[in-house]
Trainee: 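Got a structure for you, questions after.
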Amino acid sequence: MATAIFFASSTGNSEEIANKISSELNEIEVFDLSGTKINKINDYDKLILGCSTWGDGELNDDWEDVWADFCKLDLSNKTIALFGLGDQESYSDEFCSAMGIIYEQIVNSKANIIGFTSVEGYYHNASKAQIEDKFVGLVIDEDNQSDLTDKRINNWVKDIRENIL
């Protein structure tokens, strides 16, 4: 079963995180949604989807551009892990909420979702990507906690490796 990472990045941070995750997983394929047709997802059984949150908890422009087509994909037989980037200080009320938007669509499609992480160590008020004391995927805050990024990626990859490769 093939695995790939699909991400959208407005500033380059999501791309950097996608490449770090790929490296940790022995260089799996990485696709930028700004230059990839969303139906390419159909070629893979296991996916890692990445996004950043913009404005008041919204998807970034590249995810917005493919959203309608993404929602039409059959993800029911896929295993999916998510990662999201956000700024917990400036956007404390919508921290990484774009990842929550993607998660809701994936839940509705009946995919197998893996890679939940603890909210411990984050300082935010609310997030659509949070269910009780867990985030629905890996959460990265390059603006305020970049010193924790590599450790968070490493721990998350160890957690999902068996189910994503």
Side-chain angles (χ1 to χ4, degrees), residues 3-22 24-25 33 38 41 46-68 70-71 73 75-76 78-164:
T3 303
I5 299 172
F6 290 82
F7 73 92
S9 188
S10 297
T11 65
N13 285 342
S14 294
E15 180 175 16
E16 183 178 332
I17 300 306
N19 287 324
K20 285 183 177 189
I21 293 168
S22 173
E24 289 280 329
L25 291 169
L33 290 174
I38 195 69
I41 284 176
K46 299 179 180 188
L47 305 165
I48 299 173
L49 305 177
C51 63
S52 56
T53 299
W54 287 89
D56 293 325
E58 301 162 6
L59 297 168
N60 81 347
D61 290 343
D62 292 332
W63 264 108
E64 278 290 333
D65 290 346
V66 300
W67 187 248
F70 177 75
C71 291
L73 295 176
L75 304 173
S76 60
K78 297 187 184 299
T79 297
I80 301 175
L82 301 170
F83 73 90
L85 285 82
D87 178 340
Q88 63 192 312
E89 288 185 17
S90 297
Y91 300 97
S92 182
D93 291 332
E94 292 290 347
F95 180 53
C96 284
S97 284
M99 186 170 66
I101 293 168
I102 296 170
Y103 170 80
E104 286 299 321
Q105 179 58 36
I106 294 168
V107 165
N108 291 336
S109 73
K110 309 286 191 247
N112 177 33
I113 304 169
I114 62 169
F116 289 67
T117 59
S118 174
V119 299
E120 188 176 322
Y122 297 90
Y123 307 97
H124 63 289
N125 294 328
S127 174
K128 290 178 184 123
Q130 183 176 339
I131 300 172
E132 296 179 9
D133 63 344
K134 298 279 186 186
F135 286 116
V136 297
L138 171 65
V139 170
I140 300 293
D141 183 344
E142 284 291 273
D143 296 310
N144 304 294
Q145 295 181 327
S146 60
D147 57 315
L148 300 174
T149 296
D150 289 342
K151 181 179 179 183
R152 286 176 171 160
I153 291 171
N154 183 272
N155 288 339
W156 185 69
V157 166
K158 284 180 186 175
D159 184 50
I160 69 167
R161 179 182 300 278
E162 182 178 311
N163 293 308
I164 205 72

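All values below come from the heavy atoms of this structure, side chains included, with hydrogens, waters and symmetry mates left out. Keep in mind that what you see is a predicted model, and the values were worked out from it rather than measured. Start at 1 with the first residue, then count along the sequence.
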Trainee: Whether the S97 and E94 side chains hold a donor-acceptor pair (N or O, under 3.5 Å, no angle test) is what I'd like checked.
Mentor: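 Yes, a side-chain donor-acceptor pair sits under 3.5 Å.
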Trainee: Going through the distances and angles, do I113 and V136 end up as a side-chain contact (heavy atoms from CB on, under 4.5 Å)?
Mentor: CA-CA 8 Å; I113 304 169; V136 297; 5.7 Å; no
Trainee: Taking the side chain as C-beta and beyond, is there a heavy-atom pair between I153 and I140 under 4.5 Å?
Mentor: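 Heavy-atom side-chain distance check passes, below 4.5 Å.
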Trainee: Where is the tightest heavy-atom contact between G55 and Y91, given as atom of each residue plus distance?
Mentor: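 Closest pair (atom of G55, atom of Y91, distance): O-CD2, 3.6 Å.
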Trainee: Walk me through whether Y103 and F116 qualify under side-chain contact (heavy atoms from CB on, under 4.5 Å).
Mentor: CA-CA 11 Å; Y103 170 80; F116 289 67; 3.7 Å; yes
Trainee: Might you point out which heavy atoms bring W156 and G115 nearest each other, and give the distance in Å?
Mentor: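 It is NE1-O, 2.8 Å.
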Trainee: Hey, could you give me the CD/OG distance between E58 and S52, rounded to the nearest 0.5 Å?
Mentor: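 These two atoms lie 11.5 Å from each other.
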Trainee: Drop me the distance from N108's CG to Q105's CD, to the nearest 0.5 angstrom.
Mentor: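 Here the interatomic distance stands at 5.5 Å.
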Trainee: Verify the neighbour count for atom CG of D56: are there more than 12 heavy atoms of other residues, nucleotides or ligands below 6.0 Å?
Mentor: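 Not more than 12 within 6.0 Å, no.
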Trainee: Within this structure, what is the CH2-OG distance for the pair W54 and S10, rounded to the nearest 0.5 Å?
Mentor: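 Separation between the atoms: 5.0 Å.
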Trainee: Specify the closest pair of heavy atoms between L138 and M99, including all atoms of both residues, with the distance to one decimal.
Mentor: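 So the minimum-distance heavy-atom pair works out to O-SD, 3.8 Å.
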Trainee: Quick one: CG on D150 to CG on N155, what's the gap to the nearest 0.5 Å?
Mentor: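 It is 11.0 Å, given to the nearest 0.5 Å.
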Trainee: In Å, rounded to the nearest 0.5 Å, how long is the span from CD1 of I80 to CG of L47?
Mentor: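 The CD1 atom of I80 sits 5.0 Å away from the CG atom of L47.
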Trainee: Indicate the atoms forming the closest heavy-atom contact of W63 with A8, along with that distance.
Mentor: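 Where W63 meets A8 most closely, the heavy atoms are CD1-CB, 3.3 Å.
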Trainee: Short question: side chain of S109, backbone of S76 - any donor-acceptor pair under 3.5 Å?
Mentor: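 Judged by distance alone, no pair lies under 3.5 Å.
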Trainee: Could you tell me which residues satisfy side-chain contact (heavy atoms from CB on, under 4.5 Å) with E89, sequence neighbours excluded, listed by chain and number?
Mentor: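 Result, side-chain contact (heavy atoms from CB on, under 4.5 Å) vs E89: D87, N144.
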Trainee: List in chain and number order the residues that pass side-chain contact (heavy atoms from CB on, under 4.5 Å) with N163, two or more places apart in sequence or in another chain; answer none if no residue qualifies.
Mentor: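 N163 satisfies side-chain contact (heavy atoms from CB on, under 4.5 Å) with I114 only.
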Trainee: Does this structure show an ion pair linking K20 with E16, if we count only N-O contacts that are shorter than 4.0 Å?
Mentor: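 Counted as a salt bridge, because a side-chain N and a carboxylate O are separated by less than 4.0 Å.
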Trainee: Nearest 0.5 Å please: distance from the CG atom of D61 over to the CG atom of L33.
Mentor: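 So the gap between those two atoms works out to 12.5 Å.
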Trainee: What class does the angle between the rings of F95 and H124 fall in, given that below 30° is parallel, 30 to 60° is tilted and above 60° is perpendicular?
Mentor: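 If you compare the ring of F95 with that of H124, the planes turn out tilted.
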Trainee: Applying side-chain contact (heavy atoms from CB on, under 4.5 Å) to I106 and L82, what does each step give before you reach the verdict?
Mentor: CA-CA 10 Å; I106 294 168; L82 301 170; 3.7 Å; yes
Trainee: Treating T53 as the side-chain partner and A98 as the backbone partner, does any N or O pair qualify as donor plus acceptor under 3.5 Å?
Mentor: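 Side chain of T53 to backbone of A98, a donor-acceptor pair under 3.5 Å: yes, one is there.
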Trainee: Side chain of Q88, backbone of Y123: donor and acceptor closer than 3.5 Å?
Mentor: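 A pair under 3.5 Å: yes.
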Trainee: Might you point out which heavy atoms bring K128 and G57 nearest each other, and give the distance in Å?
Mentor: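 Taking K128 first and G57 second, the nearest heavy atoms are NZ-O, 4.1 Å.
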Trainee: Looking at Y122, is R152 sitting on its ring face, NZ or CZ under 6.0 Å from the six-membered ring centre and within 45 degrees of the normal?
Mentor: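 Here R152 passes the 6.0 Å and 45° test against Y122.
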Trainee: Just to verify, which of L49, I38, I48 counts as forming a side-chain contact (heavy atoms from CB on, under 4.5 Å) with F6?
Mentor: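 Result for side-chain contact (heavy atoms from CB on, under 4.5 Å) with F6: L49.
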Trainee: Of all the heavy-atom pairs spanning A81 and I160, show the shortest one and how long it is.
Mentor: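 Closest pair (atom of A81, atom of I160, distance): CB-CD1, 4.2 Å.
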Trainee: So, E142 and N13: side-chain donor and acceptor under 3.5 Å apart, yes or no?
Mentor: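 There is no such pair (donor and acceptor under 3.5 Å, judged by atom type) between the side chains of E142 and N13.
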Trainee: Apply side-chain contact (heavy atoms from CB on, under 4.5 Å) to W67 and I102, showing your working.
Mentor: CA-CA 9 Å; W67 187 248; I102 296 170; 3.8 Å; yes
Trainee: Donor-acceptor pair, S9 side chain versus S14 backbone, under 3.5 Å?
Mentor: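 Indeed, once roles are kept as given, a pair shorter than 3.5 Å links the two residues.
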Trainee: Got a sec: does the NZ of K134 have more than 12 other heavy atoms crowding it under 6.0 Å?
Mentor: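 Buried by this count: over 12 neighbours within 6.0 Å.
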